[in-house]
Amino acid sequence: MPLLLRRFPSPSVVSSFFLRRSMASSTISSDIITPSNTKIGWIGTGVMGRSMCGHLIKAGYTVTVFNRTISKAQTLIDMGANVADSPNSVAEQSDVVFTIVGYPSDVRHVLLDPKSGALSGLRQGGVLVDMTTSEPSLAEEIAKAASFKNCFSIDAPVSGGDLGAKNGKLSIFAGGDETTVKRLDPLFSLMGKVNFMGTSGKGQFAKLANQITIASTMLGLVEGLIYAHKAGLDVKKFLEAISTGAAGSKSIDLYGDRILKRDFDPGFYVNHFVKDLGICLNECQRMGLALPGLALAQQLYLSLKAHGEGDLGTQALLLALERLNNVSVQSSDS
């Protein structure tokens with residue numbers, strides 16, 4: 001029997017429901033999400049989504065996928081995923097539907113479109129989990145729409161890049177009903193570590209704060225490399241030296257070698273980072289916050305986009321700083 005999560009007006013009612021259900025069931029396992037009782041839908045099979053969804057398939061879950069470019073889902077199809085022709089069709093076959101797409105407009109379309117959207121096909125008690133970095137206000141809107149249908153919605157954007165997705169080591173920022181987030185842990189744990197951040201929209205706020213931190217960290221890393229190069233240092237030795245000191249960071253671990261090798265393939269697209277930082281700046285304006293580091297990073301990443309480099313990875317920020325200073329950073333063994 002598929003596992004369905006129903007919406008109730010208060011925690012006490014939720015508790016009494018699960019107590020009655022567990023008493024009526026021979027084992028508590030019927031309340032736990034497993035491959036035998038939960039069907040998964042997955043919308044968005046790009047750089048991140050493909051690996052994340054793959055972990056669920058490997059764990060034995062029945063997965064139905066949708067992607068606008070079907071060739072990007074071929075790896076998952078080869079692993080045994082079913083294919084649907086619309087988000088609505090995905091939801092009709094699923095208890096939990098995950099989305100990780102490009103922009104807030106894409107999120108709105110695949111989830112809330114009255115004809116083709118996933119919510120229109122989701123059964124009562126079903127769950128939407130949006131893992132796209134999107135607008136907090138949209139997450140709240142989706143949650144309200146889901147609640148109206150007696151369904152649940154969790155905003156759960158992720159951090160960790162393509163390597164984190166491949167290795168199941170992502171940081172997941174979850175907003176929404178805490179009981180539902182906890183019940184989804186068997187799925188989240190296959191992709192990384194879930195962190196409950198609060199009510200609907202709070203997962204998105206946490207991810208945006210994460211992006212602000214990453215933007216300034218990446219800028220500091222690239223500026224340090226430019227400075228070391230101009231000073232005549234071996235930049236590879238310099239990077240190795242600082243990686244174990246106070247300047248060490250996840251950005252160095254994930255992108256340091258790539259930068260030195262001038263490998264700008266996307267673990268996370270510049271275009272999407274520009275989108276994220278733009279959302280951050282809009283929220284700052286609404287909050288009355290002045291974050292000059294964020295604004296500077298946004299301008300530099302916009303310059304990459306203006307040079308036609310939006311499909312490169314975020315580590316391509318090096319190119320913007322090289323152009324400003326008319327230098328080209330090269331490792332001694334590159």
Taking NZ, NE, NH1 and NH2 as the nitrogens, is one of them in [X] or [Y] under 4.0 Å from a carboxylate oxygen of the other?
X: E92; Y: R123; value: no
X: K144; Y: E141; value: no
X: D106; Y: R68; value: yes
X: E322; Y: R262; value: yes

With a 3.5 Å distance limit and no angle check, can you tell me whether [X] reaches the backbone of [Y] through a side-chain donor-acceptor pair?
X: D234; Y: K236; answer: yes
X: N210; Y: A206; answer: no
X: Q315; Y: Y255; answer: no
X: K275; Y: T133; answer: yes
X: D263; Y: D265; answer: yes
X: S120; Y: S116; answer: no
X: Q93; Y: S89; answer: yes

Are [X] and [Y] linked, directly or through other ILVMFWY residues, by side chains that come within less than 4.5 angstrom of each other?
X: V65; Y: I100; result: yes
X: L321; Y: V270; result: yes
X: I279; Y: M197; result: no
X: L304; Y: L294; result: yes
X: L184; Y: I172; result: yes

If every non-hydrogen atom of [X] is compared with every non-hydrogen atom of [Y], which pair is closest and at what distance?
X: P35; Y: Y61; result: N-CE2, 3.4 Å
X: L239; Y: D257; result: CD2-N, 4.4 Å
X: D155; Y: G201; result: OD1-N, 2.9 Å
X: L122; Y: V127; result: CD2-N, 3.7 Å
X: A165; Y: H55; result: O-NE2, 2.7 Å

Quiz item: At what distance, to the nearest 0.5 angstrom, does CG of L190 lie from CD1 of I57?
Solution: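 Separation between the atoms: 11.5 Å.
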Quiz item: Going from NZ on K166 to CG on D162, what distance comes out if it is rounded to the nearest 0.5 angstrom?
Solution: 5.0 Å
May I have the list of side-chain donor-acceptor pairs in residues 72-80 shorter than 3.5 Å, sequence neighbours left out?
| unit_1 | atom_1 | unit_2 | atom_2 | d |
| --- | --- | --- | --- | --- |
| Q74 | NE2 | D78 | OD1 | 2.9 |

Quiz item: Yes or no on salt bridge (charged side-chain N to carboxylate O under 4.0 Å, His left out) for K305 and E309, after CA distance, side-chain angles and deciding distance?
Solution: CA-CA 5 Å; K305 189 171 181 178; E309 295 159 344; over 6 Å; no
Quiz item: Is the closest side-chain donor-acceptor distance between Q330 and S328 under 3.5 Å?
Solution: yes
Quiz prompt | Side-chain H-bond candidate by donor/acceptor type, Q299 with S303, under 3.5 Å | solution = no
Can you name the ring pair (Phe, Tyr, Trp, His ring centres under 6.0 Å) partners of [X], sequence neighbours left out?
X: F196; result: none
X: Y227; result: none
X: H229; result: none
X: Y301; result: F273

Quiz item: Residues two or more places apart in sequence or in another chain: which of them pass side chain to side chain donor-acceptor pair (under 3.5 Å) with D130?
Solution: T99, T132
